[in-house]
Amino acid sequence: MSSGISIRHDIVPQLEQLLGPEAVFVSDLQRYSIDGVLPTAVARPGSAEQIPALLKIANEQNWTVVSFGGGTRQQVGQTIERIDIVLSTERLDKIENYDPGDLTIAVQSGARVDSVSTACAQHRQLLALEAPAGATIGGALAANESGPLRAGFGAPRDFCIGVNFVTGDGVKGRGGGRVVKNVAGYDLMKLMIGSFGTLGVIVSANFKLFPLAQQTATFITEFDSVAQAIQVRDWLLRSPLAPISAELINPTASEYLTNRAPRDPDSWAPEAPSQQKKRWMLALRFAGSDRLLARCRKELAFASPRDLTEAEQMAFWRAVAGFEATAIERHRNGMIFHVSAPLAESQNVIEAAQGAATDYNFVASTIARVTVGTLVIAFLPLAVDPPGATQFASAASHFRSRLSRGASAVVMRCPLEAKPQFDLWGSTPSDIALMRKIKRAFDPNNILNRGRFLVE
Ligand SMILES: Cc1cc2nc3c(=O)[nH]c(=O)nc-3n(C[C@H](O)[C@H](O)[C@H](O)COP(=O)(O)OP(=O)(O)OC[C@H]3O[C@@H](n4cnc5c(N)ncnc54)[C@H](O)[C@@H]3O)c2cc1C
């Protein structure tokens, strides 16, 4: 095998020969830089058929490749030391097949989540994939993230019914299928979803859609303590009510959802406290007929919630989905955790985050999806002195040490200089040996996203 350095000069001509000059570019590389590392070239295949050929040659030549969708989540993991090729899926943006009668859709991986959602909404159907503007189908699947709708519709693994992909060594693969009942190859599909582009390039995917609800209602109850809010959550879990979103929001996060005044993101000064004291908020969203919503209203009357108007609902849920972006916009040096924990541990996780954040001079801003056990927690440095790189590592380690073995806390974002100080993914999973074997089988020369993950 050739050494990466001597071959790199050949990348562009070889790519041009393979894909055509219109599919390769070396200008505007800044747009594709990841943690400040620029790629040598950007390849934009115009057809799915070009991807196996591209990966085969990259594999032979030891060119490192990063799949790139909208680029909204490229900061995840350790800094990649070298990027030979960014494989941008932007030209693979077609809806391949949409069968509204069957509630299924097949789309190429570079299609934008928002445009596919719009196409489905025209038929009063819902693609339950949530993602910020610009995010693509492939990126959303690779990151397997979910937002407030997870309570009602599950995570991408639950409603994606098939993926087509190409492994690191250029072999085409398929998991699942086009129909909802298909179960063959289900595990391969699950493997690709959430693998952050380390095992292969997702080329296209099929989804199960949901009918769009006639209407929704959102009820917000405020509490003085997390314990009181968790009591109502526990009641909800025992009740027949089935919210499509159920978010427990701590007082600092509720400040972010309501006080959107601009702020210098590099400032270390504490934010000016709002005039009104913020409290813990439990926000529940239900979807369905007038009758169903009336029943929810009646059952929840004991908690005296506020019933949001339609316009308030839209603004509120947009703010909840955009919480992470808002936190980082306002504090460029924030650290974002995605936590997954058993439901019985919700209160402990929230309190552990508050404790660890306070001990290391951060403030924890938390949104907890309390019927599914996932939490987005921002550690915001509010000290007048900027925190040192090791302070992020110490705060994370302290936080993780207070969680049970069944919980995980992944750092999705933190300042660049803090990244080498600690394991962003959390403790080494017990099945690491199996993960390494899978990685070797799918990407034998480790060309995909090299350096980002602990499985290498
Ligand atoms: C409610 C909600 C709010 C969110 N808010 C934020 C936020 O504020 N900030 C933020 O950074 N993220 C946020 N995310 C997460 C992020 O935007 C998603 O993960 C996004 O869908 C990624 O899509 P992308 O096209 O931008 O992927 P990219 O950022 O381009 O890539 C993400 C990962 O997927 C891999 N990848 C991309 N395309 C493919 C492919 N075709 N095949 C294989 N691997 C691929 C990449 O290599 C990379 O590892 C949010 C997600 C949700 C659900």
Side-chain angles (χ1 to χ4, degrees), residues 73 75-79 142-148 150-151 155-157 194-196 198 226 230 233 246-250 252-253 256 320 323-325 327-328 331 333-382 387 389-432 435 452-455:
R73 187 54 100 198
Q75 309 81 355
V76 77
Q78 293 298 351
T79 301
N144 190 34
E145 284 184 48
S146 45
R150 179 161 178 175
R157 279 200 185 107
S195 62
F196 280 99
T198 52
V226 59
I230 289 288
R233 185 284 306 262
E247 316 272 298
L248 174 51
I249 300 164
N250 86 344
T252 321
Y256 277 87
V320 172
F323 162 70
E324 192 177 323
I328 291 296
H331 300 262
N333 287 293
M335 171 161 64
I336 307 277
F337 289 95
H338 283 191
V339 181
S340 168
L343 290 183
E345 208 182 326
S346 304
Q347 185 174 339
N348 176 46
V349 175
I350 293 167
E351 288 173 346
Q354 304 235 128
T358 309
D359 288 353
Y360 288 88
N361 231 355
F362 294 89
V363 162
S365 191
T366 300
I367 293 196
R369 318 232 126 97
V370 277
T371 54
V372 291
T374 59
L375 303 90
V376 180
I377 304 180
F379 274 30
L380 305 173
L382 293 185
T390 54
Q391 204 171 323
F392 289 88
S394 304
S397 150
H398 198 59
F399 172 39
R400 285 170 174 155
S401 73
R402 295 183 186 188
L403 305 182
S404 77
R405 290 172 71 84
S408 72
V410 175
V411 174
M412 301 303 285
R413 197 158 185 153
C414 70
L416 198 50
E417 56 283 7
K419 282 189 169 188
Q421 306 295 329
F422 63 126
D423 183 354
L424 302 167
W425 301 98
S427 57
T428 309
S430 53
D431 52 0
I432 186 76
M435 288 167 75
R452 262 184 180 174
F453 301 91
L454 50 83
V455 289

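None of the values given here were measured: they were computed from a predicted structure.
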Taking all heavy atoms of Leu380 and all of Gly334, pick out the closest pair and write down the distance.
-> CD2-CA, 4.4 Å
Test ring pair (Phe, Tyr, Trp, His ring centres under 6.0 Å) applied to Phe422 - qualifying residues, sequence neighbours left out | none
Counting distance only, does the side-chain N/O of Glu345 pair as donor-acceptor with the main-chain N or O of Ser404 below 3.5 Å?
-> yes
Sequence neighbours excluded, which residues qualify as side-chain contact (heavy atoms from CB on, under 4.5 Å) partners of Arg413?
-> Gln75, Ile328, Ile336
Minimum heavy-atom distance between Arg233 and Ser346, given as atom pair plus value | NH1-OG, 3.1 Å
Would you please name every residue forming a side-chain contact (heavy atoms from CB on, under 4.5 Å) with Ala357, sequence neighbours left out?
-> Phe362, Ala364, Phe379
Can you find a pair of side-chain heavy atoms, one from Phe399 and one from Val349, that are under 4.5 Å apart?
-> yes
With rounding to the nearest 0.5 Å, note down the distance linking OG1 in Thr252 to CD1 in Ile367.
-> 11.0 Å
Arg369: partners by salt bridge (charged side-chain N to carboxylate O under 4.0 Å, His left out), with sequence neighbours left out | Glu247
Got a second to check how far Leu248's CG is from Ile230's CD1, nearest 0.5 Å?
-> 5.5 Å
Give, for atom CD1 of Ile377 and atom CZ of Phe323, the distance between the pair rounded to the nearest 0.5 Å.
-> 9.0 Å
Please test Arg150 against Thr374 for side-chain hydrogen bond (donor to acceptor under 3.5 Å, both in side chains), starting from the C-alpha separation and ending with a verdict.
-> CA-CA 9 Å; Arg150 179 161 178 175; Thr374 59; 4.6 Å; no
Which heavy-atom pair separates Pro342 from Gly406 by the least distance, and what is that distance?
-> CD-O, 3.8 Å
How close do Ala327 and Ala378 get, heavy atom to heavy atom, and via which atoms?
-> CB-CB, 4.2 Å
So, Lys419 side chain and Gly77 main chain: donor-acceptor pair closer than 3.5 Å or not?
-> yes
Rounded to the nearest 0.5 Å, what's the gap from CG on Leu416 to OG1 on Thr79? Could you check?
-> 4.5 Å
Go through the steps to decide whether Val376 and His338 satisfy the test side-chain contact (heavy atoms from CB on, under 4.5 Å), and finish with yes or no.
-> CA-CA 5 Å; Val376 180; His338 283 191; 4.3 Å; yes
Please assess Val226 against Gln354 for the test side-chain contact (heavy atoms from CB on, under 4.5 Å), listing each intermediate value before the final yes or no.
-> CA-CA 11 Å; Val226 59; Gln354 304 235 128; over 6 Å; no
Taking every non-hydrogen atom, the tightest pair across Ala395 and Ala356 = O-CB, 3.8 Å
Heavy-atom pair of closest approach, residues Cys414 and Met335 = CB-CG, 4.1 Å
Please confirm whether the backbone N or O of Ala409 pairs with a side-chain atom of Arg400, one donor and one acceptor, at under 3.5 Å?
-> yes
Value for CZ (Phe337) from OG (Ser408), rounded to nearest 0.5 Å, stands at 11.5 Å
Residues at least two apart in sequence or cross-chain that pass side-chain contact (heavy atoms from CB on, under 4.5 Å) with Thr390, listed by chain then number, are Gln421
Using atom types as modelled and distance alone, determine if a side-chain donor or acceptor of Arg452 lies under 3.5 Å from a backbone N or O of Thr198.
-> no
What distance separates Tyr360 OH from Ser394 OG, expressed to the nearest 0.5 Å?
-> 5.0 Å
Using the salt bridge (charged side-chain N to carboxylate O under 4.0 Å, His left out) rule, collect all pairs that involve residues 351-367, keeping only residues at least two apart or in two chains.
-> Asp359-Arg402
